[in-house]
K.L.:
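Quick one: this structure, given as structure tokens, is what I'll be asking you about.
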Amino acid sequence: MSKLKPLPKRLHNVLFHTHTVSGIVLSFVLFVIFFCGAVSFFKEEVYRWENPMARFKGPDEVDYDKVIAVLKSNNHCLLLDEGTTIIPPEKTNPFIELFYAVEGANGKVKRKNASIDPRSYMYYEGLPKHTTLINTIYRLHYLRQIPVIGIYISGFAGFFLIFAMVTGLLIHWKNIIEKFHAFQWKGKWKRIWTESHISLGFLTLPIQLIYGMSGALLGLSILLLLPSLYLFDGDREKIAEIIRPEFAIQYDKNASEQTNAISLNSLYKNITEEYSNFHIHKIFLKNFKKQDGTATVYYTDHKGIMGDGTTVFNLKDGAIAYRSIPYKKSYVSSTYALLIKLHYVTFGGLGLKVIYFILALITCYVITSGNMLWYSARDNKKYSDKQRQFHFKTTRIYLSLTLGLVSAVALMFWGNKLIPLHVENRVFYVNAIFFSGWLLFFSSGLLMKSFRTITNLNLILFSILSFGTPIFNGIITRDWVWDVFNSYNRSVAHVDITWFLLGIISMIILFKNQKREKTNEELA
């Protein structure tokens, strides 16, 4: 196969160095974002595993009028006109979740949340999760643990990912196809790092582009509002109304009370009958019990990328104030939904999530191989001992942080089961196990004298923790894999099986590495 036309030498060198520098500087952040994002794909599927309280089968029907009544009876300062969100029960979460506003001190609006058990309509202040496992990982995906600026750092990382992706494509353009077909797991490590970085980087270009763009826009959401500065004289609400047309509906805070509002149950039934193959995933109430009150119902088929719709009902008479029909939406009104679906993989089912998960993990490897390639290219006599020590320490820090994160996530699953649900401040203790474990694994890596030792240590730790996760779940909750696999708690079994498979894969990689190192020593 003939090679493609190369870039001019000077341009190639400039792009090569900018690609290398940007990659090294952002490699750790990008690894955290992609790895935590990969785990967060299964945010809903993991919920029942982490919260045994949610391992029940909910009723077939929910009385949403009663839900509002229960909410009002438990919140005397409830502000229904400020907006109330109802999240109906899901297969992965049988609770009804509520997000609402109350009047706080000095008349200020305070946002709160609660849950209701659909079997008994028992009310729980806050969400009855008492868990933080997948939510902590999800927040770390956006670097939310860093106050104020964390989300912006993740957004800028998305921009630089696109830059690194484009520059990498350009500098390897000359022989990228040839190297992609010639790649093999043989030879010296430098060759493996080089060819795998190019080949797998080329393979994961689509997901890198998707997450570079969507991550930048979600992390730097202010960019979506920039057009308003020029097109709408700085009126941000105008651009929001174009992106989400249902926001264009105007409300009067001084509207008179409505005593005969349409039943929420009837509105819910209207949507389920009209869209029988769709699932209602959110109900938003605005100016509830007022003359101009509305109920916005969001529904999706969880299959097509455009398979979601919105209907806004007037609570006064049940008339439709706005409708966005699935698969028939305008380009502008579907932009935001498209961005969300691509980023969170809320279409295509579980199979597509698995594909995204694998591609995200491969991207983590591409990031790591780039760091190892950077070190391998500088581990020679052209550099002084001081420079080589700097290269070694930099790479050791990266490996200790990233591989330590992988092991710490597995440790957090243990922490979720070791800390009983009834313990006060349970969220704090589970988070403490995760972050202190990550710090411990990172510190241990800094004491290692070789990358092989760091890698093997974390592979052993990850294997032990992976095999132990389903065992701890079975011992503590009594929901063993074979007991729940064919029940409505099948997602619990899926999580346990996944951890067992990850433990096997980790052990295989460990044995392969040891075998390879032994072979290299014999050939030396």
K.L.:
With a 4.0 Å cut-off, would you call Lys303 and Asp301 a salt bridge?
P.N.:
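Salt bridge flag = no for Asp301 with Lys303.
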K.L.:
So do the side chains of Pro88 and Ile280 get within less than 4.5 Å of each other, counting heavy atoms only?
P.N.:
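Pro88 vs Ile280: side chains touch.
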K.L.:
For Phe41, does its backbone N or O pair with a side-chain atom of Lys353 as donor and acceptor, under 3.5 Å?
P.N.:
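Confirmed, Lys353 side chain pairs with Phe41 backbone.
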K.L.:
Cationic tip of Arg490 within the cone over Phe485's six-membered ring, i.e. under 6.0 Å and within 45° of the normal?
P.N.:
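Cation-pi check for Arg490 and Phe485: passes.
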K.L.:
Which heavy atom of Gly304 sits nearest a heavy atom of Phe347, and at what distance?
P.N.:
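Of all heavy-atom pairs spanning Gly304 and Phe347, the closest is O-CB, 3.7 Å.
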K.L.:
Testing the 3.5 Å rule here: is there a donor-acceptor pair between the side chains of Asn473 and Asp479?
P.N.:
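Judged by distance alone, the side chains do not pair up.
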K.L.:
Are the side chains of Tyr47 and Phe95 in contact, using a 4.5 Å heavy-atom criterion?
P.N.:
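Answer yes - side chains close enough.
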K.L.:
Backbone N or O of Met412 within a donor-acceptor pair of the Asn416 side chain at under 3.5 Å?
P.N.:
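No; judged by distance alone, with no hydrogens or angles, the pair does not exist.
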K.L.:
Within 45° of the six-membered ring axis of Tyr138 and under 6.0 Å from that ring's centre, is NZ or CZ of Lys43 located there?
P.N.:
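Yes, Lys43 sits over the ring of Tyr138.
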K.L.:
Can you tell me if CZ on Phe500 sees more than 12 non-hydrogen neighbours from other groups inside 6.0 Å?
P.N.:
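Counting neighbours around CZ of Phe500, 12 or fewer heavy atoms of other residues, nucleotides or ligands fall under 6.0 Å, so no.
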K.L.:
Is the CZ atom of Arg144 crowded by more than 12 outside heavy atoms at less than 6.0 Å?
P.N.:
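Atom CZ in Arg144 is not crowded, with 12 or fewer foreign heavy atoms closer than 6.0 Å.
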K.L.:
Any salt bridge linking Lys91 with Glu44? Criterion: basic side-chain nitrogen under 4.0 Å from a carboxylate oxygen.
P.N.:
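Glu44 and Lys91: not salt-bridged.
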K.L.:
So which atom in Val481 and which in Ala493 form the shortest heavy-atom distance, rounded to 0.1 Å?
P.N.:
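Here Val481 and Ala493 meet closest at O-CB, 4.0 Å.
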K.L.:
Which pairs pass side chain to side chain donor-acceptor pair (under 3.5 Å) with one or both residues in residues 200-210, sequence neighbours excluded?
P.N.:
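Qualifying pairs, neighbours excluded: Thr204-Gln208.
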K.L.:
Would you say Ile149 has more than 12 foreign heavy atoms packed within less than 6.0 Å of its CD1?
P.N.:
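Open: at most 12 neighbouring heavy atoms sit under 6.0 Å from CD1 of Ile149.
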K.L.:
In terms of relative ring orientation, are Phe159 and Phe156 parallel, tilted or perpendicular, with 30° and 60° separating the classes?
P.N.:
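Correct class here is tilted.
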K.L.:
Evaluate whether atom CE of Met306 has more than 12 neighbouring non-hydrogen atoms of other residues, nucleotides or ligands under 6.0 angstrom away.
P.N.:
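Atom CE in Met306 is packed in, count exceeds 12.
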K.L.:
Do the side chains of Tyr429 and Ile433 get nearer than 4.5 Å, heavy atoms only?
P.N.:
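A side-chain contact is absent here, since even the closest heavy-atom pair is not under 4.5 Å.
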K.L.:
What distance separates Thr92 OG1 from Glu45 CD, expressed to the nearest 0.5 Å?
P.N.:
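If I round to the nearest 0.5 Å, the distance is 6.0 Å.
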K.L.:
Less than 4.5 Å apart, side chain to side chain, heavy atoms only: is that true for Tyr365 and Leu361?
P.N.:
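Heavy-atom side-chain distance check fails, nothing below 4.5 Å.
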K.L.:
Whether the Ser506 and Ser463 side chains hold a donor-acceptor pair (N or O, under 3.5 Å, no angle test) is what I'd like checked.
P.N.:
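Looking only at side-chain atoms, Ser463 and Ser506 do form a donor-acceptor pair, the distance falling under 3.5 Å.
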K.L.:
Under 3.5 Å, is there a donor-acceptor pair linking the side chains of Tyr398 and Thr368?
P.N.:
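Yes, Thr368 and Tyr398 have a side-chain donor paired with an acceptor closer than 3.5 Å.
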K.L.:
At their closest point, which heavy atom of Arg478 faces which heavy atom of Asp483, and how far apart are they?
P.N.:
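Closest approach of Arg478 to Asp483: O-OD2, 4.1 Å.
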K.L.:
Of all the heavy-atom pairs spanning Val62 and Asn265, show the shortest one and how long it is.
P.N.:
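Looks like O-OD1, 3.6 Å.
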K.L.:
Centroid-to-centroid, Phe434 to Phe413, below 6.0 Å?
P.N.:
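Distance test on ring centres: not under 6.0 Å, no.
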K.L.:
I'd like to know whether CZ of Phe160 has more than 12 heavy-atom contacts from other residues, nucleotides or ligands below 6.0 angstrom.
P.N.:
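Open.
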K.L.:
Taking side chain to side chain donor-acceptor pair (under 3.5 Å) as the criterion, tell me which of Tyr275, Tyr299, Tyr298, Tyr322 meets it with Thr311.
P.N.:
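Testing each of Tyr275, Tyr299, Tyr298, Tyr322 against Thr311, the sole residue satisfying side chain to side chain donor-acceptor pair (under 3.5 Å) is Tyr299.
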K.L.:
Return the orientation label for the His343 and His141 ring planes: parallel under 30°, perpendicular over 60°, tilted otherwise.
P.N.:
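Ring orientation, 0 to 90° scale: tilted.
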K.L.:
Has Glu273 got more than 12 heavy atoms of other residues, nucleotides or ligands less than 6.0 Å from its CD?
P.N.:
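It does: Glu273 CD has more than 12 such atoms within range.
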K.L.:
Does atom OH of Tyr327 have more than 12 heavy-atom neighbours, drawn from other residues, nucleotides or ligands, at distances under 6.0 Å?
P.N.:
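Enclosed.
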K.L.:
With no hydrogens and no angle check, is any side-chain donor or acceptor of Gln145 less than 3.5 Å from a backbone partner on Thr136?
P.N.:
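The answer is yes, because a donor-acceptor pair under 3.5 Å joins these two groups.
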K.L.:
In terms of the angle between their ring planes, are Tyr344 and Tyr142 parallel, tilted or perpendicular, with boundaries placed at 30° and 60°?
P.N.:
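Judged by the thresholds at 30° and 60°, the geometry between Tyr344 and Tyr142 is tilted.
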K.L.:
To check you understand the geometry: which heavy-atom pair defines the closest contact between His279 and Glu90, and what is its length?
P.N.:
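The pair with the smallest heavy-atom distance is NE2-OE1, 2.9 Å.
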K.L.:
Determine the interplanar angle of the Tyr211 and Tyr356 rings, folded into 0 to 90°, and report it as parallel if under 30°, tilted if 30 to 60°, perpendicular if over 60°.
P.N.:
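Perpendicular: the ring planes of Tyr211 and Tyr356 meet at over 60°.
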K.L.:
For atom CD of Glu61, is the number of surrounding heavy atoms from other residues, nucleotides or ligands below 6.0 Å larger than 12?
P.N.:
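For Glu61, atom CD is not crowded (no more than 12 foreign heavy atoms under 6.0 Å).
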K.L.:
Return the minimal non-hydrogen interatomic distance between Ile210 and Leu342, and the atom names on each side.
P.N.:
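Looks like CG2-O, 3.9 Å.
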